[in-house]
Amino acid sequence: MDPTSRLRLSLGFISTVVSMIFGTNKGRKNPLSPGAIEILYSSYFSRICMGDIAGMLEISPSSATDLVNYLEREGYVKRVPDAENRRSILVIPTEKGEEWVLSTEEKIYGFLESGLSRLTPDEQKQFAYLCARFSGVHDTASFTSSMRTFRETGSQNRVPLIQRRNGRLLRLEEVVDARYAHRHGTDMNAEIMTVKPRIPETSDGIQDEITVEQYDHMQRGLRDDGHLPVEELVRRSKPGDNALEIGPGPGYLGLEWLKHTTGTSLTGLEISLAMIRLAEKNCLEYDLSDRATYKGGNALSMPFEDNFFDLAFSNGSLHEWEDPDIVFSEIYRVLKPGGGFSVSDLRRDLSPEIYQFMLGSCQGPDIKKGFQTSVQAAYTKDELESLLQDTGFAWVQVIAHPYGLVVVGEK
């Protein structure tokens, strides 16, 4: 059987099982309709207002109100005033609603664990990875993005299966067998996605004032939404650390690190003078000027003594390094023995769904263009692992995340 048909059968089985778990296969006997279930789950996992529900379900406001009225009457949800907006009413689950969600999840997790038990540990990881690649869903943000995309375009993705021959409507298996016969015997282990060759970006950073301000606005938004890798950086540091940040840009990562650590100090090495001026301004806003300094310079030749820093880190500048081999050698040189480093950046092999989600989050044509060229200049996990083979560190590891790569190590 060809891969598409095999997957269709498997997904058909899974969707039927999930419908049975949710009880949506029981028609009117089921106390909760699919729409009511979506409202209950959404209210459990996120903050939703009455005004959100009609658009979320793509139904009329009166139908949305009817669903909420039913859920409230049955004791699954309740309406409460929104403390942040007096004109808004929140829908939140009651204890009965929360118990329903948890009871349903017990069955779903049981079904998943039962199926995974037929796989080896390595197969389990590979299966989960391939499911994420197939669906484009890696976390809550990509789940929301993929759902929105499917609602907008899902009905357009159709395979023509209604065909007639000699006046007879062909059966599904006849059309499918003809469509996918050429795929029989294909190599199932063939590479899933072709990665485009790397196209280096500027090695001079962002210099013009207008783009600097736009970039600052974007980075400030990432900070406010909790998308900077601050927590992981704090976990890798200790009180009193003297840290180097390479390519700090407007400085938010390093400043947040200082804010959440004790007795630490920071030196930012930045090639763009416009960015240095902005980072110093932001440093004043944080009231951390006594703990942070910014220097102009190129990471290919760092203006620091050997064995000077306890920690080195960078976020979003690796793809701009003119010669990463030399920069990592410089990181090794300026770190104290036992000092650690963390370098995070984009990855060139982003999934199409995450790429579009991140591109859509960029504000302004210059920032969008910069994101596109930055992805083209980014590395893959294999490329970085090859690059880091002979750097001299006691240990080094490249960690792949859906949104990028993180290189960590210790001298």
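Basis for what follows: all heavy atoms, side chains included, without hydrogens, waters or symmetry-related copies.
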Measure the shortest side-chain to side-chain distance between [X] and [Y] over non-hydrogen atoms and say whether it is less than 4.5 angstrom.
X    : Y    : answer
E98  : L40  : no
T293 : L266 : no
L359 : K368 : yes
V408 : F341 : no

I'd like to know if [X] pairs up with [Y] as an ion pair, taking the criterion as any Lys NZ or Arg NE/NH1/NH2 lying under 4.0 Å from an Asp or Glu carboxylate oxygen.
X    : Y    : result
D241 : K238 : yes
E72  : K78  : no
R348 : E383 : yes

Legend entry - Within 45° cone of Y379 ring axis and under 6.0 Å: R198 NZ or CZ: yes
Legend entry - Cationic tip of K411 above F393 ring, under 6.0 Å, 45° of axis: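 Checked: cation-pi criterion not met.
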Legend entry - Parallel, tilted or perpendicular, as decided by the 30° and 60° cut-offs, for the rings of Y41 and W100: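 It falls in the perpendicular class, over 60°.
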Inset, instruction - Give the minimum heavy-atom separation between L350 and R347, together with the two atoms involved. - result: CG-O, 3.3 Å
Legend entry - Y355 ring center near F371 ring center (under 6.0 Å):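 Yes.
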Inset, instruction - Could you walk me through whether T264 and W257 pass side chain to side chain donor-acceptor pair (under 3.5 Å), step by step? - result: CA-CA 9 Å; T264 52; W257 175 77; 5.9 Å; no
Inset, instruction - With sequence neighbours left out, write down each residue that passes salt bridge (Lys or Arg N to Asp or Glu O under 4.0 Å) with R168, or none if nothing qualifies. - result: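 Scan of R168 (salt bridge (Lys or Arg N to Asp or Glu O under 4.0 Å), adjacent residues dropped) gives E174.
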Legend entry - Derivation of the side-chain contact (heavy atoms from CB on, under 4.5 Å) call for V212 and R277: CA-CA 10 Å; V212 164; R277 289 191 291 270; over 6 Å; no
Legend entry - Under 3.5 Å side-chain donor-acceptor pair for D366 and Y215: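 No pair is found: no donor N or O on one side chain lies under 3.5 Å from an acceptor on the other.
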